[in-house]
Amino acid sequence: MLDALFNGISIGAVLLIAALGLAIVFGLMGVINMAHGELMMLGAYTTFVVQNVCKQLGGLWFEGYIFLALIFAFILTAAVGLVLERGVIRFLYGRPLETLLATWGVSLILQQFVRSVNWLLVIGIALFCLFFFGGLWLQRRFVRKSWVVTVLFLLSLGIAIASCKFLAQVYKSALTQPWFGAQNVDVTAPSWLRGGIPFGGFQLPFARLFIIGLTIVCVAGIYIFLQRTSWGLRIRAVTQNRSMSACLGIPTQKIDALTFALGSGLAGVAGCAISLLGSVGPNTGQNYIVDTFMVVVVGGVGNLLGTIIAALAIGTLNYLVGSGTLALLLTPIPPLADLFTFFATTSMAKVMVFALIIAFLQVKPAGIFPQKGRTVDA
Amino acid sequence: MTRRFNRRKFILYGTATLGTSFLLKACANNGTSTTAESPSAVSSTAASPVAAATSGDTIKVGILHSLSGTMAISEKSVVDAENLAIEEINNAGGVLGKKIEAVTEDGASNWDTFKEKATKLIDQDKVAVVFGCWTSASRKNVKPVFESKDHMLWYPVQYEGQECSQNIFYTGAAPNQQIEPSVDWLLKNKGKNFFLVGSDYVFPRTANTIIKAQLAASGGKVVGEDYLPLGNNEVTPIITKIKQALPNGGIIYNTLNGDSNVAFFKQLQGAGLGPDKYPTMSVSIAEEEVKAIGKEYLKGHYAAWNYFMSVDTPANKKFVEAFKKKYGPDRVTNDPMEAAYIMVYLWKQAVEKAKTTDIKQVRVAALGQTFDAPEGKVTMETNHHLSKVVRIGQIGDDGQFKIVYSSDKAVAPIPWNQFVKETKGYGCDWSNPSKGGKYKTT
């Protein structure tokens, strides 16, 4: 029974750490971020890169690379999240459908980006950004004519393409070799994360324990950040009443950007964690996006505690049904036992969990902890 | 926040998006078309010559595999092997005095895409033959295309059998050349309790049906089975079930395909189920996958194939050497790659015997072709399958297989399974029009 509890919690912890960032972005800000899974994927790829670098350094570096990877994954995905918020999402606040479509588009772009990224592409994009945004900045200071933007755009585009073509001719495969390619890559856990400690009749895998620990640290960190710091206070104020907060002098735009970056950074940490369990590919994020939304919705939008409970409940339920433990427990009641035996395969367990969630949402449409008060209508 | 778009802004943003897409496309295209020299670029061999091709002095062949998605991990190397064979043939003068020109299409691990691309290869590119597919799901999906257009597919992967199409040549193992001998070997050496794990699609399910029937006939026992959706990484429930069903150890028969293997073996080790008590026999894990999953997770487990990189034949030495020379010294060869390599040669021999690329005549000429393959001598039988040697290997420290069992001679293929009730007593013989794909032998 302890075994079942541990395994249920460990599945729940994976769900929770994946959903935590979304709980902030979707729960607190109300942004339906379909690119959340792809941010996780970026985190996982960051882990892969850090691992390869540390492998070269060898020794202690390789044993401890996972901590380095966590930090880098957080910073990188937070930065991507920041760009995403500044570049796309801030224009779409209050328009959930457009946000959904736009972030879905971003998720496709990110997937394809990872597949085909090479030095050439990066150089091209960097050149374009440099010329275009640099020019834009100059234009704003000196010229102030709108046609300049078009000229500037075409010009920087031309320069970027031309230099791309030139570099491709000169350096050939050194620059055009994709970094990752469409194939999945694999992260090898450091040796101390590979085994497990024997506990009673079964073994607790270190990788799972690590993920559970990481999840606890993240949840605690988020809690302290939101409840005990002045930025956390501002975030909560803005989510509760945006216009009143603005009136009181809180920089809402900055808060939005910060919150989104925080949620994205957590996605990166989650990506780092899941790379310990399976392989990492451009589609990794898609496997998680449905589960994470499910967790947030069941938990009640805008409530971290609900997210935690929902993640653990769904994880445990999934495990109990999928592993047949429930069927075993119910052996004294034949019809019920038969029912659960039927659902006791991985694919069917998912069906049952979804069905139960649909039933649950019929009873409590706003999740475990529905939001109360005026904010609901806002 | 809603802004009104005026015409100027519309034009501005319009050009912006258009331009960006051009930029991305330009860079991405550069990416693929100039990687021709790099070893891992696969599509390049197809992409560049197509434009310049004059149909007169080349023979077009189609290559149809997943170069992206969950199956790419396995299928990409098969494409490499096919390209190697094509290059070797071209360097030796080509077929019927013409060079072979490969048209590569990406099935993207999506079975419907496979169907589309197969139709495209046949109708638009007018290829003489298609080499392709890995998963049975993709093969089953393109089969009607090849049958309705009376075209020809060569399929290089071991599979579950129960199929014998006139339009497909199977150069991988039939179940009696891989699964059945491995189950026999396990029964003899490792015990009688089996747990079956597989991906949730046609190959693992059919393979497990066969294994169950075989075990029932020979005294073994299936204590449980479970299936993971392709690409799923959450294997904890399965591992618990294995522990419950086999508390004192037993055999895990693994028909997982693609990435799930990575998660499965990583977490199997984490849960403390080692190869000493829980030996795993895999039918989809070869040298390439060992490299990808990590040999530290796989050491001591078993796999059944017809070919291992460690097979000691002169033909294999030549094959491995040529492959490493073309694609880099750290690359490995495996069974499906070898099957893909020899099927290009077998097709070439058939074309040379028929003296034409006409589908019907090549089909007849292919029967009875033999080839001195890296795995040993193979023969194309009248049921469109190859006779092959069966081998079982154990994964060692270096990621190579130590061969622990090898059949004395090539085993003749039996596509219709004789353990399963529905197909018992059926055979397949395309040399005799009155018999065809499924006839009663008794």
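As the structure is a prediction and not an experimental result, all values here were calculated from the model. Numbered from 1 within each chain, the chains take letters A, B, ... in sequence-line order.
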Side chain to side chain contact (heavy atoms under 4.5 Å, CB included), that's the test. Do B:Gln267 and A:Leu277 meet it? Break it down for me. CA-CA 7 Å; B:Gln267 297 181 35; A:Leu277 295 177; 3.6 Å; yes

Pairs touching residues 120-129 of chain A that satisfy salt bridge (Lys or Arg N to Asp or Glu O under 4.0 Å), sequence neighbours left out: none

Among B:Tyr297, B:Phe264, B:Tyr227, residue most engaged with chain A (heavy-atom pairs, under 4.5 Å): B:Tyr297

Contacting moiety of A:Ser163, where chain B heavy atoms sit under 4.5 Å: neither

Are more than 12 heavy atoms from other residues, nucleotides or ligands located less than 6.0 Å from atom CH2 of A:Trp179? yes

Whatever's closer than 4.5 Å to a heavy atom in chain A on B:Phe265 counts as neither

CG of B:Leu67 to CZ of A:Arg115: how many Å apart, nearest 0.5 Å? 11.5 Å

For B:Gln269, which atoms come within 4.5 Å of any heavy atom of chain A: side chain, backbone, both, or neither? both

Considering residues, nucleotides and ligands other than B:Lys299, do more than 12 of their heavy atoms fall under 6.0 Å from its NZ? no

So what's closer than 4.5 Å to chain B heavy atoms on A:Leu276: side chain, backbone, both or neither? backbone

Which one wins on heavy-atom pair count under 4.5 Å against chain B: A:Gly322, A:Ser10, A:Ala349, A:Gly94? A:Gly322

Could you give me the CA-CA distance, side-chain angles and deciding distance for B:Glu234 and A:Asn318, then say whether side chain to side chain contact (heavy atoms under 4.5 Å, CB included) is met? CA-CA 10 Å; B:Glu234 195 49 88; A:Asn318 204 342; 5.9 Å; no

How long is the straight-line distance from CG of A:Asn7 back to OG1 of B:Thr236, given to the nearest 0.5 Å? 5.5 Å

Measure distances from B:Glu75 to the heavy atoms of chain A and classify the residue's part below 4.5 Å as side chain, backbone, both or neither. neither

So which of B:Gly224, B:Ala271, B:Ser260 has the largest heavy-atom pair count under 4.5 angstrom toward chain A? B:Ala271

